[in-house]
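Okay, so here's the structure we're looking at.
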Amino acid sequence: MKSVRVRFAPSPTGGLHLGGVRTALFNYLFAKKNEGTFVLRVEDTDQTRFVEGAEQYIIDSLQWCHILPDEGPMKPGTYAPYRQSERKEIYKQYAEKLVAEGHAYYAFDTPEEIESMREKLKAEGKHQLQYGMETRHRMKNSLSLSKEETERLLAENAPHVIRIKVEKEEIISFNDMIRGPIEMNTNTVDDKVLLKADGMPTYHLAVVVDDYLMKITHAFRGEEWLPSAPVHVLLYKYLGWEKEMPQWAHLPLILKPDGNGKLSKRDGERLGFPVFPLEWNDPNKGLAKGFKELGFLPEAFINMLAMLGWNDGSEQEIFSLEELVEKFSIDRVHAHGAKFDYEKAKWFNHEWIKKLPVSDLAKRVKPILLNEGFEINDPQKLENIISLVKERCTLLTDFITQTSFFFKTPETVDFTGISSKWNENKNQFFIELIRAYELAVLWKHDDLENGFKELASVHQIKSGELLFAFRMMLVGGKFGPGVFDIATIIGKEETIKRIRIVLSTLEKSTF
RNA sequence: GGCGCGUUGGUCAAGGGGUUAAGACGCCUCCCUUUCACGGAGGAAUCACGGGUUCGAAUCCCGUACGUGCUACCA
């Protein structure tokens, strides 16, 4: 059996958005599952749209998600180079071969001439405005021109492209791993440009040549490529590579959450969620935050992406990369698009925060807290804090507000809940609590709680109201883990300090 | 316009001739918790429409509608 080689071939023009990462993920899963090779190749066939830094961005993104290519632009292997701009001569050679064998031709038309052809067709009431079997004889190309004229133009270096010559009334059929058998008539296929006037290939020529030369066995790409698949099948046929044609899978689209159409960067801005794995700074479109910066775990990110268009038929929803490799099967990928749901994406992250071992989670949370200016000197203390608050955190960045009171005295305290019910008795309770806590030798959770409750019954106050006030003193707001857990961690001195601060403020405002 | 692909609650979805049509997110109610979460128990909400085929259709076939993609010297 031939070993599996899949390729991920993004174009470095607009970063790498959700759909792109998912294609990469499915490629990776399929390759791993079959103990095959994952090839990363860069489709920079259009220099005018190439964005500087995008190639590195793609690599960084895939590394963040732990989809590490075995081969790629960073690690040239047997089939290098992987950048299409570096393979220019290879494509030209095959394009010329196709011309020589009568499957392609030179076309000398200017864009204006093509435009006027379309205008004319429109005027004639035609629906199909393509440069193809119906129109090529009216145009300026090596099929309509005499041999001498063609040679003269070529000798003069007249600008020209090479177009595929699509034959009439031919049924193209191929099998899609997701959609099953697909048939299309060549009559609706136009004579696509294969080699551009600048000598660069179009995508159509480049994929076919690269996949063949790099011995690709399985090719996954977005559904938007389905209509041009016949051109690629034709190229395999004309180049005599039919037996080497990879198996295709056209992945469904990821759609906007609210309306219609493919998810775009603008939708993210409009609806307030990221569409890029990492922060992406497009020189033309500006900065866009990524899932990483917003506090997503890569585990949750790929888990969420995998479930958008695939499931294993069971009720399981939380999968690690390893589990995905084990369970993945291409025939369970859906044929229809799925709307992206940011709420569900956050739910995945929440689940992963709860699932990850505390020590692992601490490593990822620590830099975020350090960046916030929190002082972390005791790793065990950090882990204790994290295990106390992790259920309350959906995003990694939530740990900032959920842990700040462990590191800093609250700057503002929400008094609205306590000041209205405040009285001298309660005031006296806390004064005595300070005294009792000052005398505490061991600073233990249960002792603190018992002491607190005994004192409350002495004062004949329901401990609920007091606990609420105590929480305000320690946390500053109506959230966080148990108050005695907090007191235990922040320590005697800090606990007493916080009670005093609030007490004096209340004294000023209430009495 | 032409061609392709698709259509199960608001969203992600299981199901592939006989089911009370799973489950998850979100929403609502209650329990737990004298906070916020976690957790637990419930609830509302679905087979796009019309024809066939069949004893029987969400499931198979055909139409229609709707959605979406392509229709560039972009990928």
Side-chain angles (χ1 to χ4, degrees), chain A residues 9-14 43-46 48-49 84 107 109-111 114-115 122 125-132 159-163 176 178-179 182-185 187-190 192-204 206-207 221-230 250 252-253 255-262 304 307-318 332 334-348 350-351 354 388-394 398 402 417 462-468 470-472 475 477-483:
Chain A
S11 84
T13 55
E43 292 188 341
D44 55 341
T45 52
D46 184 355
T48 60
R49 282 168 42 114
Q84 288 180 344
D109 317 87
T110 63
I114 295 174
E115 191 44 45
K122 223 182 273 177
K126 294 253 167 57
H127 293 308
Q128 261 172 245
L129 311 175
Q130 297 166 329
Y131 195 126
H160 66 276
V161 299
I162 292 179
R163 284 179 182 270
D176 184 279
I178 295 169
R179 285 152 223 277
I182 291 181
E183 278 194 359
M184 289 185 211
N185 191 309
N187 289 357
T188 56
V189 180
D190 59 343
K192 287 270 181 255
V193 170
L194 300 178
L195 204 70
K196 299 188 267 188
D198 63 0
M200 285 294 280
T202 58
Y203 171 85
H204 307 294
V207 247
R221 69 212 322 189
E223 189 187 341
E224 67 268 29
W225 288 109
L226 206 45
S228 50
H250 291 90
L253 267 13
L255 308 167
K256 301 176 201 286
D258 57 344
N260 315 316
K262 270 202 287 191
M304 174 273 291
M307 300 311 285
L308 215 51
W310 174 87
N311 71 76
D312 74 339
S314 76
E315 284 183 14
Q316 186 176 351
E317 286 195 273
I318 303 300
R332 285 201 65 91
H334 303 146
H336 59 266
K339 287 184 185 174
F340 175 68
D341 182 355
Y342 190 47
E343 289 306 317
K344 185 96 187 202
K346 286 194 286 191
W347 175 79
F348 276 108
H350 193 24
E351 291 301 308
K354 286 188 283 177
L388 229 38
V389 303
K390 64 177 187 169
E391 282 117 28
R392 283 156 245 261
C393 298
T394 300
D398 291 339
Q402 288 294 341
K462 274 189 272 176
S463 58
E465 281 179 37
L466 293 167
L467 280 165
F468 188 70
F470 195 26
R471 166 171 303 281
M472 287 305 161
V475 178
K478 208 177 134 186
F479 62 96
V483 279

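The figures here come from the full heavy-atom set of this structure, side chains too, leaving out hydrogens, waters and symmetry mates. Convention: sequence-line order gives letters A, B, ...; per-chain numbering from 1.
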Inset, instruction - Could I get the full list of side-chain contact (heavy atoms from CB on, under 4.5 Å) partners for A:Ile114, not counting sequence neighbours? - result: A:Asp109, A:Met117, A:Arg118, A:Tyr131, A:Met139, A:Arg163

Inset, instruction - Write down the distance separating the C1' atoms in B:A45 and B:G26, rounded off to the nearest Å. - result: 12 Å

Inset, instruction - Would you name the heavy atoms of A:Arg332 and A:Asn311 that are closest together and state the gap between them? - result: NE-O, 2.9 Å

Legend entry - P atoms of B:C28 and B:G63, separation to the nearest Å: 45 Å

Inset, instruction - Kindly say whether, by distance alone, the side chain of A:Arg392 makes a donor-acceptor pair under 3.5 Å with the base of B:C36? - result: yes

Could you go over nucleotides 39-48 of chain B and give all protein N or O partners under 3.5 Å, atom names and distances?
unit_1 : atom_1 : unit_2   : atom_2 : d
B:G39  : OP1    : A:Lys354 : NZ     : 3.1

Legend entry - Sugar-phosphate, base or nothing in reach of A:Lys346, heavy atoms under 4.0 Å: nothing

Legend entry - Phosphate-side-chain proximity, A:His250 and B:G69, N/O vs OP1/OP2 below 4.0 Å: no

Inset, instruction - Could you tell me whether the phosphate oxygens of B:C73, OP1 or OP2, come under 4.0 Å of any side-chain nitrogen or oxygen in A:Arg163? - result: yes

Legend entry - Nearest-nucleotide pick for A:Leu226, side chain only, options being B:G4, B:U34, B:A24: B:G4

Legend entry - Whole angstrom value for the distance that separates C1' of B:A37 from NE2 of A:His350: 7 Å

Legend entry - Residues, nucleotides or ligands: over 12 heavy atoms within 6.0 Å of A:Lys354 NZ: yes

Inset, instruction - May I ask you to say what A:Arg221 touches in the nucleic acid, namely base, sugar-phosphate or nothing, with a heavy-atom cut-off under 4.0 Å? - result: nothing

Inset, instruction - Check the chi torsion on B:C5 and let me know: syn if it falls within 90° of 0, anti if not. - result: anti

Inset, instruction - Using the side chain to side chain contact (heavy atoms under 4.5 Å, CB included) rule, take A:Leu226 and A:Arg179 through it: C-alpha gap first, then chi angles, then the decisive distance, then the call. - result: CA-CA 10 Å; A:Leu226 206 45; A:Arg179 285 152 223 277; 3.7 Å; yes

Inset, instruction - Kindly indicate whether the side chain of A:Lys344 and the base of B:A24 share any N or O donor-acceptor pair separated by less than 3.5 Å? - result: yes

Inset, instruction - Answer with base, sugar-phosphate or nothing: what part of the nucleic acid does A:Lys339 contact at a heavy-atom distance below 4.0 Å? - result: sugar-phosphate

Inset, instruction - Take atom P in B:A37 and the same atom in B:C25, then report the distance between them in whole Å. - result: 16 Å

Inset, instruction - State which of B:U35, B:A75, B:G69 makes the closest approach to the side chain of A:Asp46. - result: B:A75

Legend entry - Of the listed nucleotides B:C5, B:U35, B:C74, the one nearest the side chain of A:Arg49: B:C74

Legend entry - With sequence neighbours excluded, residues passing salt bridge (charged side-chain N to carboxylate O under 4.0 Å, His left out) with A:Lys339: none

Inset, instruction - Among B:U35, B:G2, B:A75, find the nucleotide with the atom closest to the side chain of A:Lys196. - result: B:A75

Legend entry - Distance below 4.0 Å between A:Asn311 side-chain N/O and B:C12 OP1 or OP2: no

Legend entry - Presence of A:His334 side-chain N/O under 4.0 Å of B:A14 phosphate oxygens OP1/OP2: yes

Inset, instruction - Among B:G15, B:G6, B:A75, find the nucleotide with the atom closest to the side chain of A:Tyr203. - result: B:A75

Legend entry - Gap between atoms CH2 and C1', on A:Trp347 and B:A37 respectively (whole Å): 16 Å

Inset, instruction - Determine the Euclidean distance between corresponding C1' atoms of B:A24 and B:G67; express it in Å to zero decimal places. - result: 24 Å

Legend entry - Per A:Lys262 side chain, nearest of listed nucleotides B:G69, B:A75, B:C12: B:G69

Legend entry - Out of B:C38, B:U34, B:C73, whichever nucleotide has its closest atom nearest the side chain of A:Val161: B:C73

Legend entry - P atoms of B:U53 and B:G16, separation to the nearest Å: 24 Å

Inset, instruction - Please collect all salt bridge (charged side-chain N to carboxylate O under 4.0 Å, His left out) contacts where either partner lies in residues 192-202 of chain A, sequence neighbours excluded, each pair once. - result: A:Asp190-A:Lys192

Distances under 3.5 Å between protein N/O atoms and the N/O atoms of nucleotides 57-67 of chain B, please, pair by pair.
unit_1 : atom_1 : unit_2   : atom_2 : d
B:G67  : O3'    : A:Asn260 : OD1    : 3.4

Inset, instruction - Let me have RNA chain B in dot-bracket notation, would you? Count Watson-Crick plus G-U wobble pairs, both distances under 3.5 Å, and use [ ] for pairs crossing earlier ones and | for inter-strand partners. - result: ((((((((.[[[..)..(....]]].(((((.......)))))....[[[[[..)....]]]]])))))))....

